[in-house]
Amino acid sequence: MSALEKPEEVKSSALEDFLKRVKPKLKSLFARYRVPPQDTEDILQQALLALIYHWHTVRDPEAWLMGTLRNKCLVYWRDRRRKLYDAVDATVLEWIAKPEAPRQERSDLWQDLETLISRLPSRCRSMLWMRYRMGYETPEIAQRMGYSPNSISKVTARCLASLTEEMVASRPGLIGDLEEDPEVESA
């Protein structure tokens with residue numbers, strides 16, 4: 001059986017009744033996780049396609065759909081944060097790499113960056129110092145800090161998250177998306 005074949009067809013009337021019944025809960029869930037309207041449709045479509053495929057094996061379709069949507073909302077915000085942290089990292093690396101920047105500007109940048117990094121836990125200070133000041137690549141940082149190359153990405157993500165939060169704290173309103181994330185507020 002291919003991935004697109006279904007053992008039995010889901011009756012469209014049953015699906016329509018189901019969707020009418022869960023619509024208020026769906027709206028509430030998306031409001032709770034503050035997923036932008038343009039993205040809720042994509043998340044809902046993905047979850048509904050999975051539900052339709054598994055319809056006859058799912059005991060409680062409503063609970064299954066709500067649980068799946070909660071997980072997809074968490075993954076959505078995790079991906080958004082990861083993209084934000086990657087953007088911060090890329091921007092800092094780009095600023096550092098600019099050889100044509102005036103000396104005073106580079107000095108100010110380093111001073112600001114060192115001030116932000118100094119507020120972080122020692123593990124993050126060490127990792128970011130090696131990354132930005134010494135120019136080490138991720139595998140070199142992993143080796144010097146005693147991490148496996150596979151696990152350093154998690155540490156890097158946490159340190160970039162801390163750096164981003166320090167940037168936001170030092171300049172309120174700098175990154176509005178981070179402040180709107182419900183998972184960050186509850187953390």
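The two residues A47 and T68 come nearest to each other via the heavy atoms CB-CG2, 4.0 Å. Heavy atoms only, all atoms of each residue included: L128 and C159 are closest at CD1-O, 4.1 Å. Across every non-hydrogen atom of K25 and M66, the tightest pair is O-CE, 3.5 Å.
Here the side chains of C124 and E166 are not in contact, with every heavy-atom distance at 4.5 Å or above. Taking the side chain as every heavy atom from C-beta outward, I43 and V75 never approach each other to under 4.5 Å. Residues R119 and T115 have side chains in contact (heavy-atom distance under 4.5 Å, counting atoms from C-beta outward). Side-chain atoms of R81 and T164, non-hydrogen and from C-beta on, never get closer than 4.5 Å to each other. Using a 4.5 Å heavy-atom cutoff, the side chains of T156 and Y85 are not in contact. Taking the side chain as every heavy atom from C-beta outward, S170 and L116 approach each other to under 4.5 Å. A heavy-atom distance below 4.5 Å is found between the side chains of Y132 and L163. Contact of the L84 side chain with the L160 side chain is not registered, since no non-hydrogen atoms from C-beta on lie closer than 4.5 Å.
R125 places no side-chain N or O within 3.5 Å of a backbone atom of I117 that could act as its donor or acceptor partner. Between the side chain of S28 and the backbone N or O of P24, no donor-acceptor pair lies under 3.5 Å. When atom types are taken as modelled, the side chain of S151 and the backbone of Y147 share no donor-acceptor pair closer than 3.5 angstrom. Counting only distance, with no hydrogens or angles, the side chain of E140 and the backbone of E137 share a donor-acceptor pair below 3.5 Å.
Note: the hydrophobic cluster containing M134 also contains L120 (ILVMFWY, side chain heavy atoms under 4.5 Å, direct or indirect links).
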F18 and W55: CA distance, side-chain angles, deciding distance, ring-ring contact (aromatic ring centres under 6.0 Å, His included) verdict: CA-CA 11 Å; F18 171 74; W55 185 265; 5.4 Å; yes
Pair Y136-R131, side chain to side chain contact (heavy atoms under 4.5 Å, CB included): steps then yes or no: CA-CA 5 Å; Y136 289 168; R131 182 168 185 82; over 6 Å; no
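Remark: K72 NZ to D42 CG distance equals 10.5 Å, nearest 0.5 Å. For the atom pair R70 CZ and L29 CG, the distance stands at 6.5 Å (nearest 0.5 Å). Put simply, CG on L48 and CG on L69 are 7.0 Å apart, with the number rounded to the nearest 0.5 Å. To the nearest 0.5 Å, atoms NE2 (H54) and CH2 (W64) are separated by 5.5 Å. Separating the NZ atom in K154 from the CD1 atom in I152 is a distance of 12.0 Å, to the nearest 0.5 Å. Residue T138 holds its OG1 atom at 13.0 Å from CD of Q143, rounded to the nearest 0.5 Å.
Judged by a 6.0 Å distance limit and a 45° cone about the ring axis, R133 is positioned over the six-membered ring of W110.
Atom CD of E41 is surrounded by 12 or fewer heavy atoms from other residues, nucleotides or ligands within 6.0 Å. The environment of Q38 atom CD is dense: over 12 non-hydrogen atoms of other residues, nucleotides or ligands sit within 6.0 angstrom.
The existence of a salt bridge linking D86 and K83 is excluded, since no basic side-chain nitrogen approaches an acidic carboxylate oxygen closer than 4.0 Å.
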